[in-house]
Amino acid sequence: MQTAMTFLIDSNVVIAAEPFNGRLEELQPDISAFIRTAAKHGHSVFVHPATLDDLKETSDPVHRKQNIAAFDKYPVLDEVELPQRVLDEFPNPCPPNDHRDARILAALEAGAVHFLVTNDRKLRKRAARLGHENKVLGPREAAEQLAAWHPEAPPPPPLVEEIATYNLD
């Protein structure tokens, strides 16, 4: 059995997980597969307070409200101290968006989670420069990793009916 793992998702994953105005994001099927498989097998998916700060800057007030509601579905990590090693990957002075990314990378650096799931290329590059390239996954990679850890059981032989144990008398 695979050990329970922890995943941190950033704002682009939170947003893509939820349809808005009937539109599905391209990554939505991969994100749904990742979140569903994680929940099914006891893995934990977290968000970071920096993600909430990012979502609060959504320009459309209706979309902003929906994004914050989506964020509220997940447990939130505590903030960790920003180590200088992480801050050195960002410009000085650090623009607000970069500062939010630094806070997220600080959580990964501190070992608050096993993996970061993001589709943000700049964030992934910075994580790689910090030596965390194996701990940062795109949504599809995260879904594929979980599928590899938890392969589907082969179908039963033709004359065997598969029944959930809770349906047995």
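Only this structure's heavy atoms are used, side chains among them; waters, hydrogens and symmetry mates stay out. Computed from a prediction, not measured in an experiment: that's the story for all the values here.
- Contact check for Ile104 versus Leu8: side-chain heavy atoms found under the 4.5 Å cut-off.
- Val45 and Leu105 are assigned to two separate hydrophobic clusters, defined by single-linkage of ILVMFWY side chains at heavy-atom distances under 4.5 Å.
- Taken from OG1 in Thr6 to CZ in Phe115, the straight-line distance is 8.5 Å, to the nearest 0.5 Å.
- Note: Asn12 CG to Leu123 CG = 8.5 Å, rounded to the nearest 0.5 Å.
- Phe7 and Phe34 have perpendicular rings, their planes meeting at more than 60° on a 0 to 90° scale where under 30° would count as parallel.
- Looking only at distances, no side-chain donor or acceptor of Ser32 sits under 3.5 Å from a matching main-chain atom of Pro29.
- Side-chain heavy atoms closer than 4.5 Å link hydrophobic residues (I, L, V, M, F, W, Y) into clusters, and following such links, even through other members, never connects Leu137 to Leu130.
- Checked against Glu89 for a side chain to side chain donor-acceptor pair (under 3.5 Å), the options Lys125, Lys122, Arg129, Arg126 give a single hit: Arg129.
- Interatomic distance, Phe71 CZ to Ile15 CD1, rounded to the nearest 0.5 Å: 12.0 Å.
- Panel note: side chain His48, backbone Leu77; no donor-acceptor pair is recorded below 3.5 Å.
- Leu52 and Val113 are assigned to two separate hydrophobic clusters, defined by single-linkage of ILVMFWY side chains at heavy-atom distances under 4.5 Å.
- For the pair Lys135 and Leu108, the minimum side-chain heavy-atom distance is below 4.5 Å.
- Arg103 pairs with exactly one of Asp98, Asp53, Thr51 by the side chain to side chain donor-acceptor pair (under 3.5 Å) rule, that one being Asp53.
- Closest non-hydrogen pair, Val117 versus Val13, comes out as O-CG2, 3.4 Å.
- Side-chain heavy atoms closer than 4.5 Å link hydrophobic residues (I, L, V, M, F, W, Y) into clusters, and following such links, even through other members, never connects Ile9 to Val80.
- With contacts defined as side-chain heavy-atom distances shorter than 4.5 Å, the pair His150/Lys40 does not qualify.
- Side-chain atoms of Arg64 come within 3.5 Å of backbone N or O of Thr58 as a donor-acceptor pair.
- A distance of 11.5 Å separates CD in Glu144 from OG1 in Thr37, rounded to the nearest 0.5 Å.
- What you find for Ala17 and Ile35 is that their closest heavy atoms are CB-CD1, 4.4 Å.
- Across every non-hydrogen atom of Glu79 and Ala50, the tightest pair is OE2-N, 4.3 Å.
- Cluster membership check: Phe46 does not share its hydrophobic cluster with Ile68, using side-chain heavy-atom separations under 4.5 Å among Ile, Leu, Val, Met, Phe, Trp and Tyr.
- Using a 4.5 Å heavy-atom cutoff, the side chains of Arg124 and Asp120 are not in contact.
- Taking each heavy atom of Ala143 and Asp30 in turn, the nearest pair found is CB-O, 3.6 Å.
- Side-chain contact between Leu82 and His99 is present, with heavy atoms from C-beta onward closer than 4.5 Å.
- When all heavy atoms of Pro95 and Pro93 are compared, the closest pair comes out as CD-O, 3.4 Å.
- Note: Glu26 CD to Ile31 CD1 = 10.5 Å, rounded to the nearest 0.5 Å.
- With Glu18 as the fixed residue, the side chain to side chain donor-acceptor pair (under 3.5 Å) test singles out one of Lys73, Gln66, Gln28: Lys73.
- Here the closest non-hydrogen pair linking Ser11 and Asp54 is OG-OD2, 2.5 Å.
- Between Val14 and Asn67, the closest side-chain pair of non-hydrogen atoms is not below 4.5 Å.
- With a 4.5 Å cut-off on side-chain heavy atoms, Leu116 and His132 do not count as touching.
- Atom OG1 in Thr3 sits 8.5 Å away from atom NE2 in His43 (nearest 0.5 Å).
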